[in-house]
Every structure is written in structure tokens, then in C-alpha cells.
Number of protein chains: 2
Amino acid sequence: MDIKTKLISAAESLFDRHGFTATGMDRLTQAAGMSSRTLYKHAGSKHSLIASVLTERDRRFLRRTDVNSVNELFKALEDWVRVEGCRGCLFLRAYGETGGDVPEIAEVMAAHKAGVWSKIQEIIALETNGRGDEQLAEQILILFEGATATAIYRGADAVITARHCAVRLVKQASS
Amino acid sequence: MDIKTKLISAAESLFDRHGFTATGMDRLTQAAGMSSRTLYKHAGSKHSLIASVLTERDRRFLRRTDVNSVNELFKALEDWVRVEGCRGCLFLRAYGETGGDVPEIAEVMAAHKAGVWSKIQEIIALETNGRGDEQLAEQILILFEGATATAIYRGADAVITARHCAVRLVKQASS
DNA sequence: TCCAATGTAAAACGATCATTTTACATAGTC
DNA sequence: GACTATGTAAAATGATCGTTTTACATTGGA
């Protein structure tokens with residue numbers, strides 16, 4: 001495995017499991033199996049490493065949610081939660097831990113959310129033949145965020161409930 | 001103002017604005033206007049201070065959401081978000097930043113979520129005359145969490161959208 | 001074969017971390 | 001008027017923070 005891939009992968013696990021600020025560079029180098037010199041050559045800084053982790057996660061997330069219906073969208077989320085764990089949205093967590101004060105991080109978060117938003121808009125337009133409006137799309141977005149957050153303490157079943165709800169809303173808008 | 005109240009109030013602001021781990025005790029003592037000795041006499045430890053902040057916030061939150069309909073519930077949330085700011089659920093943030101590894105904090109989070117959950121169940125039972133089931137209550141919970149999360153990057157309007165959606169779901173279940 | 005690149009290991013950097021301690025001031029109470 | 005409680009100010013604690021540096025090994029192409 002490529003050395004930068006290994007670094008970002010190890011960092012993502014630790015950040016997700018223990019939090020961004022609480023994860024020190026020592027633990028990072030140890031988990032990634034490299035010296036701190038190599039880490040800094042590839043990552044630049046901790047903030048930049050966090051941004052890289054999020055950028056990579058965004059790519060993976062979009063790939064995994066490349067679907068054409070709300071039903072599939074929430075099934076993809078359920079799958080994500082079961083495979084990757086449910087500790088909440090890592091983008092919002094990074095944003096919160098840094099107070100929104102680190103531009104690199106705030107921008108990746110915003111870009112990710114913009115991506116999710118336009119994916120949902122695209123699906124709604126597709127499924128309702130243009131009958132669904134912006135309001136419906138935002139309701140689906142809220143259910144999506146809500147499922148992610150609720151899954152933290154109620155498990156993946158929350159995503160199933162969210163899916164049923166979302167599918168019903170779209171069906172009502174289409175008829 | 002009572003000295004412990006002042007401490008907890010100052011701590012809540014800093015934790016919410018900058019994150020828990022990123023907020024040092026120096027900044028805490030300075031903001032609370034007291035020596036570190038006094039702080040530790042009252043708070044015990046940082047973890048314990050975080051738990052106290054959350055416990056106090058839970059009390060305030062429950063007081064502000066002591067309503068009898070989903071419409072009022074989401075109006076209360078909208079008000080909360082407009083007054084207190086929308087940086088996400090502080091309980092989930094604390095839980096995430098500590099990796100769920102600090103029992104004091106994990107327990108307050110769980111207690112808070114249990115409180116919200118039973119409040120929603122209570123309202124649903126009231127509004128649907130017992131026709132609403134557990135599934136509906138969980139949908140409302142997900143909308144509630146979703147509104148809180150979405151408000152971080154889309155503002156308080158997300159809560160209005162969530163309210164409209166929630167009210168409609170309850171109305172459909174009642175008829 | 002020499003050079004540049006890329007890696008490791010480990011020490012050093014000054015800053016900051018959470019927490020404790022030492023020394024002292026100001027109250028209210030018996 | 002001594003005692004206890006409660007506060008401040010400030011230094012000290014040892015650990016850990018993110019980051020840089022020094023010294024050295026390996027390797028692949030010119």
C-alpha cells in the first residue's frame with residue numbers, strides 16, 4: 001500500500017475513534033508505522049492531515065452513495081454505518097472540534113455537504129419527475145443527517161426508520 | 001451570580017465555541033474569573049466539569065422543550081438554535097471528542113437522549129390519541145436530530161423545514 | 001559510481017496540557 | 001481574638017503537544 005494512503009487510512013481510524021484533538025502525532029506515527037519526519041513530509045501539518053483525511057473520505061462516501069433513489073441512498077447509508085461504524089458525521093465533528101476556525105477544514109466540510117445536497121436534489125428530481133421541490137429535498141437531507149446522528153446512540157436501525165420515512169415522503173410528492 | 005454557576009456558564013460557552021479538548025484550563029479560569037485552585041475545588045476535574053456543564057444544559061433544555069405538540073417542540077428547538085447558536089448537539093460532540101471512553105460524559109449524554117426520547121414519545125401519544133406508534137416517534141426523533149445537525153451549515157431554517165415535515169407526519173398518523 | 005531522493009530513529013524544540021502546591025488575604029463564626 | 005472556610009496569585013509538577021532537526025541507512029537512476 002502506498003505510504004500516503006496508509007497514513008491517511010490510519011489517521012482516519014484514530015480520528016474517528018478518539019477524536020481529532022485528542023489524537024496526538026505520536027499515536028499517528030505509530031499507527032501509520034512511519035517516522036514523524038516522513039509523516040510531516042507527506043501531510044504538511046496536523047490540520048492539513050485532517051483536511052486530507054476528510055477529502056479522501058468525501059471521495060469514498062460519494063462513490064458509495066452514487067445511487068438513483070432515496071431508498072438506495074438510505075440503504076447505502078445503512079451499509080456505510082454498519083461497515084464503517086456510527087460515530088457521527090466526521091466532517092461536522094472536525095468542524096466542531098476546530099470551532100470552524102481552520103479554513104482548510106471548514107472548506108472540506110462545506111464541499112462535502114454541498115455534494116450531498118446536490119446528490120439529494122438530483123435524486124428527488126429524478127424520482128418525482130420534477131414534481132418534488134426544494135422543500136422535499138431539504139426534508140430528505142434532514143432525515144439523512146438525523147439518521148447519521150441518531151445512529152450514534154440507537155444504532156443502524158435508525159437509518160432504516162429514516163429510509164421508510166423518506167421513501168414515503170417522496171411517494172406522496174410523486175403521486 | 002453564584003461562583004459555580006459562573007464557572008459552568010463560562011465553560012459551556014468556551015466548550016461550545018472552541019470544542020472540549022481544545023479548550024484549556026487556563027482559558028477556563030480566565031473566562032470564569034477565578035484561580036485554578038477555586039476551579040478545581042468546585043469542578044473536581046476537567047472531565048467532571050464537562051459532565052457538570054452537560055447536566056446543567058440538559059436541565060435547561062428540558063425546561064425549554066416542556067411542550068405538548070410536535071409543532072411547539074420544533075418551535076422550541078428553532079428558538080433554542082436562534083438564541084444559543086447552532087453548533088450541533090453538545091452532548092454528541094462531547095461524546096465524540098472523548099471517544100465515548102469517559103463514563104461520566106457518556107452517561108450524561110445517554111440520560112439526555114433518553115429524556116428527549118421519552119418527551120417525544122409522550123407528545124406523540126398525546127397528539128395521536130394513542131394511534132401513533134414507536135416508529136412515528138423515532139421518525140420525529142430523527143427529524144429532531146437532523147434539524148440540529150443540518151442547522152450547523154444551513155442555519156435555523158432547517159428547523160422550520162423539519163417542523164413542517166414532523167407536523168405532517170403526525171397529522172397523517174392521527175387521521 | 002556518484003547523486004539525489006526517501007526513508008528511519010531519536011533527540012530537541014518551546015509551548016501548552018491538566019493538576020497540585022505554596023504562600024497569603026479576607027471573611028464570618030464560636 | 002483565634003479558627004475555619006473560601007478565595008487569589010503564582011509557581012511547580014511531569015506529561016504531552018505539534019513540529020523541527022540531526023545523524024544515518026537504503027535505494028534507483030544519471
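We name chains A, B, ... by the order of the sequence lines, and we start the count at 1 in each one. Atoms considered below: every heavy atom in the structure, side chains included; atoms not considered: hydrogens, waters and symmetry mates.
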Residue of the set B:Leu141, B:Leu73, B:Asp58 for which side chain to side chain contact (heavy atoms under 4.5 Å, CB included) holds with B:Val116 = B:Leu141
Whole angstrom is fine here: how far is it from NZ in A:Lys46 over to P in D:dG18?
-> 4 Å
For B:Thr29, which contact category applies under a 4.0 Å heavy-atom criterion: base, sugar-phosphate, or nothing?
-> nothing
Is it the case that B:Ser48 and B:Ser45 place a side-chain donor and acceptor less than 3.5 Å from each other?
-> no
Test side chain to side chain donor-acceptor pair (under 3.5 Å), reference A:Tyr153, set B:His112, B:Glu145, B:Lys113, output is B:Glu145
Could you give the CD-to-P distance, from A:Glu97 to D:dG18, as a whole number of Å?
-> 12 Å
For the pair made of CD in B:Gln30 and C1' in D:dA10, what is the distance, rounded to whole Å?
-> 14 Å
Between B:Glu78 and B:Lys75, is there a side-chain N and carboxylate O pair less than 4.0 Å apart?
-> no
Separation of D:dA9 atom P from B:Leu39 atom CG, nearest Å, is 14 Å
Pick base, sugar-phosphate or nothing for B:Ser45, based on heavy-atom distances below 4.0 Å to the nucleic acid.
-> sugar-phosphate
Indicate, with a heavy-atom threshold strictly under 4.0 Å, whether B:His42 touches base, sugar-phosphate, or nothing.
-> sugar-phosphate
When the distance from CZ of A:Arg37 to P of C:dA12 is rounded to whole Å, what number comes out?
-> 17 Å
In whole angstroms, the gap separating C1' of D:dA10 from CE of B:Met34 amounts to 17 Å
How close or far is atom P of D:dT19 from atom CZ of A:Arg27, stated in whole angstroms?
-> 17 Å
Nearest-nucleotide 5' precedence on DNA chain C, B:Ala22 against A:Lys41 = A:Lys41
Name the nucleic acid region contacted by A:Gly33, choosing base, sugar-phosphate or nothing; use a 4.0 angstrom heavy-atom cut-off, strictly under.
-> sugar-phosphate
Taking only the side-chain nitrogens and oxygens of A:Thr38, find out if one of them lies under 4.0 Å from OP1 or OP2 of C:dT8.
-> yes
For the base of C:dT20, is there a side-chain donor-acceptor partner from B:Ser36 under 3.5 Å away?
-> yes
Integer-rounded Å distance: C:dC17 P and B:Phe20 CZ | 17 Å
May I ask you to decide if the ring planes of B:Trp80 and B:Phe61 are parallel, tilted or perpendicular, using 30° and 60° as cut-offs?
-> perpendicular
